[in-house]
Amino acid sequence: MSHEGKVIEGADVIINDKVEGKTDKNGEFLVKYEGKSIRDEKIEISKVGEHLWIDKVQVKPNAVITIELNKMLIIDLYVLTESYDVIKGISGSQVFIKNELMGVTKSDGFIEFKYRNEKGVDGYLKIKIKFSAGYIPRYATRTFFIKKSLPKLIIHSFAYSKYPPKPKVSVLPFNVKDKSKDAAFLQRNALFLTRRVEDYLRSNRIYRLVSADETLKLFNQFDIKLGENVSWNDIPILKKAVDSIMIGDLKKSGKYINVNVKAINYDGILVVKKESKVLLRGIKRLAEDIAKDFMRRFQIEGTIVSISKNVYINLGSRQGVKKGDIFYGYKNYFDSSTNKYERKRVVKLKVIENSSNVSACEVENILEGYLLEPGVKIKRSREIISKQGLVNVKLKVTEKGKPVPNANVYVDEKWKGQTDKSGIIYFKAMSYTDLDVLIYKDGYIPFRDEIKVEDRNKTLEIKIKRGVCRLYIDSLPKGAIVHIDGRYAGVTPIDREPIVLNYGFHLVEVRMEGYRPYREYLKLNSPKMNLIGDRKIILYRDYYSKAEAYYEEGKIDLVIDTLKKIKPDHPDYLKALYFLGYIYLNDKKDFTASIEYYIKYLKYTGKLGKTEPLIFVYYNLGQAYFNLAEKFYYTDENFALQNYKNAVLNFTVVKNKNYLLPKKEKKKIFINSLFYIAVSYQKIYYLTADTDFLLRAYNSWVDYFDFFDENLLLMEFYKKQNKIAKSYFDEIERIRASEK
C-alpha cells in the first residue's frame with residue numbers, strides 16, 4: 001500500500017465489506033486464501049488523511065496487489081431538485097470529467113463513481129453535469145481543489161423544473177353550522193360550493209387537486225386538527241401529499257347564506273380568509289372569487305428561465321401572478337456541519353409585466369457577490385391578510401393621461417399600498433382633512449403635496465412624470481470597462497457623452513484586469529449623477545483573490561507576501577489581517593505573529609467605530625494566547641501565566657456574545673470556549689497555587705458540563721475533548737477534597 005511512492009502503515013483493509021485488518025510498517029497486508037484458485041473480491045482501503053480506495057480485484061494464490069491511494073478518488077454525487085420544501089432526486093443526469101462520461105444518476109438522483117489518474121488526483125478537478133431534460137440549467141460545471149486529506153468527494157447539485165411544479169391542494173368538504181330545517185338545503189349548497197371551487201382551481205391546470213378523503217385520512221392518522229396556525233411541514237408523508245388545504249362553513253341568516261372560508265398552507269400560514277354574506281344565486285360567483293383569491297395569495301413557486309434586460313420567470317397571469325408581485329430567489333445547498341439541506345435567499349424580484357405563462361421582473365436587490373443566472377428557484381412573497389375597512393378615498397395616479405400601476409402611495413408618512421392596473425388605490429381617511437401624500441415609483445419623479453379630502457365618492461387624480469438621469473463615470477486607473485445592468489456602456493472616463501438612464505436602481509459594474517471589480521446597485525433619482533473627479537470610482541489591486549489561489553495551492557509563504565501588500569486604505573485590509581492571523585495560527589504555528597495581526601484587526605475596527613468586530617477574531621485570538629501559554633508552560637511561568645489570562649479574556653468575550661456566532665457553528669464554538677476557559681483557569685492555579693483560580697476552574701467546568709450537548713459525542717473530536725474535561729474536573733475535585 002503506498003501514497004506517492006511512500007508506504008502506508010495502519011490502513012484498514014476491508015474485503016467484501018468485512019474488516020480484515022491493517023497494513024504493517026511495510027504497507028503490506030497478507031490475506032488468508034481458501035477456495036477457488038481465481039475469484040473476484042471487493043477490496044476497500046481506508047485511512048484517515050488519505051483518499052478512499054474501492055474496487056473489485058481478481059485475486060489468486062500468491063498474487064501481489066499493489067495499490068496507490070492517490071491515484072483514485074471516490075466521488076458521491078447527488079443531483080436534486082426541490083419544490084414546496086420537498087427534495088427529490090433527478091434521474092438520468094449525466095456526469096463528465098474531462099469530457100469522459102462517468103455515469104448517469106439513478107432514480108434517487110445519486111451516482112457513485114471512481115476517478116482515476118495515473119499522475120495522482122490531488123489538485124483542481126472540474127466536473128460537468130448535464131441535467132435531465134426539463135430542468136434548468138441544462139449544464140453545470142463545478143470545480144474542486146482536491147487535497148490529500150480528502151477521503152472522498154461528496155457533491156450536492158440542484159436544478160429546477162423548466163415548468164412550474166404543481167402545488168397539491170385539497171378542498172375539504174365545507175361544514176354546515178346549522179341544525180335547523182335548513183340543514184339539508186345548506187348541505188347541498190356546501191357540496192356545490194366545494195365542487196365549484198375545485199373546478200375553478202382545476203381549470204387552469206396549475207394545481208394538483210388531492211382528494212378530500214385521502215387528506216382527511218392522513219390528518220386523522222397523525223391526529224392533526226384542521227385550522228389556522230397548524231403546520232404539517234415536519235411530517236414527510238403528509239407534506240409530500242398536500243401543500244395547502246381549504247376549509248369552510250355555511251350558516252343560514254334569513255335569505256342570506258353566511259360563508260366563512262380559510263386556506264392554510266403546510267407551514268400553518270393563512271393564505272385566504274374570506275367571510276361573505278351571499279344570496280343563493282351568488283354561490284357560483286363566490287366560488288370563483290375564493291379560487292381567484294387563493295391563486296393570487298398562494299406562495300406559488302417557479303424558476304428563473306432567462307436573463308437579459310429583465311429577469312424572466314416561468315410564471316404568469318395564468319398562475320395568478322400580477323404586476324407588482326414580489327418573488328424571492330433561493331439557493332439550495334447541503335450544510336455538512338448540520339447534515340441538513342438548507343436554503344439561502346439570494347435575490348428579490350418584482351414583476352413589471354407579464355403574459356399568460358411568463359413574467360418579466362426587475363431586480364430589487366441581490367446578495368452581494370452572487371451571480372444571478374437562469375435556473376434559480378423562486379417563490380412568491382407571502383401577502384399578509386388583514387381585515388379591510390370601508391373605502392372612502394379613491395386616488396388615481398396618471399402620467400400623460402395614462403394610468404400608472406404599482407405606484408407606492410404614502411399618506412401622512414404611512415404606506416397605504418400600490419396602485420392597481422388602472423392606476424387606482426382605495427384607502428381610508430377622515431373626511432374634510434388635508435393629507436400629506438407621497439407617490440413614489442422607480443423611474444418616476446417623486447410627487448409630494450397636500451391633498452384635501454372632502455367627498456369620499458370623488459376620484460382624486462395625481463399626475464406624475466418620468467425621470468431621466470445622466471450618469472458620468474470615471475475611474476482610477478482609467479481605461480476600465482463599464483457595464484450597466486449587464487450591458488456594455490463604454491470605457492472610463494465617460495465624461496463627455498453621459499449614460500442616459502431612467503430613474504430607479506441600476507447595476508453598475510466597473511472592471512479592469514488585475515483589480516477588484518466595482519459592483520454596486522445605484523439608485524438614480526436626480527437629473528444628473530457624477531462619479532467623476534473627487535467621486536470617481538477607485539479600483540484596487542486584487543491581492544486578496546491572488547492570495548486565496550496561492551492558499552488553495554498550498555503556497556503559504558506566497559500567501560503571506562501577497563497579503564502584506566494590502567495597505568490600510570485598501571477595502572480588503574481587514575480581511576487580509578484576519579487571513580494573516582489565521583495562517584500564522586493554523587499553518588505556521590507562529591502564535592506571536594497570529595496575536596499581532598488579530599490585535600491589529602481589533603484596533604482597526606475600533607478606529608472605524610465598529611462596536612462588534614468579527615466574533616471569530618476573539619475566538620482565534622484566545623486560541624493563539626492559549627497555545628503560546630502551553631508552549632512556555634515549563635520554560636517561562638510568568639509569560640505562560642499572562643497568556644493564559646489573555647486567553648480567558650478572549651474566550652469570555654465569545655462566551656458572553658455567543659449570539660453573534662453563526663447558527664451552524666454556535667454550539668461547537670461555545671463549548672470549545674468554555675473548555676479553554678476552564679483549562680486556562682486550572683493551569684493558572686497550577687502556576688500560582690491561588691485557590692481563587694481553583695474555584696474559577698471548578699465553576700467553569702460546571703458550566704462546560706451543564707452546556708455540553710450529548711449529541712456532540714457522536715463526533716470523535718468532542719468525544720476526546722469530553723474525556724479530557726472529565727479528567728481535569730476529577731483532578732479539581734481531588735484537590736478541593738484534600739484541602740478540606
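Everything numeric in this text was worked out from a predicted model, so none of it was measured.
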>> Quick one, S381 and D325 - any side-chain contact, counting heavy atoms below 4.5 Å?
In response: no

> What closest approach, in Å, do K152 and I74 show between heavy atoms, and which atom pair accounts for it?
Replying inline: CB-O, 3.2 Å

> Looking only at heavy atoms, which two atoms of A287 and L193 are closest? And how far apart?
Replying inline: CB-CD1, 3.7 Å

> Salt bridge or not for D293 and K274, using N-O below 4.0 Å?
Replying inline: yes

> Could you go step by step and tell me if Y207 and F294 meet the ring-ring contact (aromatic ring centres under 6.0 Å, His included) rule?
Replying inline: CA-CA 11 Å; Y207 299 100; F294 182 82; 5.4 Å; yes

> So which of F158, F110, F334 actually passes ring-ring contact (aromatic ring centres under 6.0 Å, His included) with Y78?
Replying inline: F110

> For C361, which of I307, N354, L349 qualifies under side chain to side chain contact (heavy atoms under 4.5 Å, CB included)?
Replying inline: L349

>> Are the side chains of L372 and V311 in contact, using a 4.5 Å heavy-atom criterion?
In response: yes

> Got I304 and F327 here, is their nearest side-chain heavy-atom distance under 4.5 Å?
Replying inline: no

> Where does the angle between the aromatic ring planes of Y704 and F708 fall among parallel (under 30°), tilted (30 to 60°) and perpendicular (over 60°)?
Replying inline: tilted

> Between D703 and K655, is the closest basic N to carboxylate O distance under 4.0 Å?
Replying inline: yes

>> Does the structure place the NZ or CZ of K128 under 6.0 Å from the centre of the six-membered ring of Y139, at an angle of no more than 45° from the ring's axis?
In response: yes

> Donor-acceptor pair, T215 side chain versus S211 backbone, under 3.5 Å?
Replying inline: yes

>> Using side-chain heavy atoms (C-beta onward) and a distance below 4.5 Å, is N672 in contact with Y718?
In response: yes

> Should I366 and Y521 count as side-chain neighbours, where that means a heavy-atom distance under 4.5 Å?
Replying inline: yes

>> For E301, run the side chain to side chain contact (heavy atoms under 4.5 Å, CB included) check against Q319, R380, K379 and tell me which one passes.
In response: K379

> Going by the angle between their ring planes, with limits at 30° and 60°, are F298 and Y84 parallel, tilted or perpendicular?
Replying inline: tilted

>> Less than 4.5 Å apart, side chain to side chain, heavy atoms only: is that true for K292 and E288?
In response: yes

> Around atom CZ of R343, are there more than 12 heavy atoms of other residues, nucleotides or ligands at under 6.0 Å?
Replying inline: yes

>> Do K162 and T303 make a side-chain contact, defined as non-hydrogen atoms from C-beta onward lying under 4.5 Å apart?
In response: no

> With no hydrogens and no angle check, is any side-chain donor or acceptor of S253 less than 3.5 Å from a backbone partner on N258?
Replying inline: no

>> Is any side-chain heavy atom of L712 closer than 4.5 Å to one of F717?
In response: no

> Looking only at heavy atoms, what is the nearest atom pair of N357 and R318, with distance?
Replying inline: OD1-NH1, 3.0 Å

> How long is the gap from CD1 on I378 to CG on N314, to the nearest 0.5 Å?
Replying inline: 6.5 Å

> Is D213 paired with K217 through a side-chain N to carboxylate O contact shorter than 4.0 Å?
Replying inline: no

> Is the cationic atom of R196 (NZ for Lys, CZ for Arg) positioned less than 6.0 Å from the six-membered ring centroid of Y200 and within 45 degrees of its normal?
Replying inline: yes

> Taking atom NZ of K252 as the centre, does the number of heavy atoms from other residues, nucleotides or ligands within less than 6.0 Å exceed 12?
Replying inline: yes

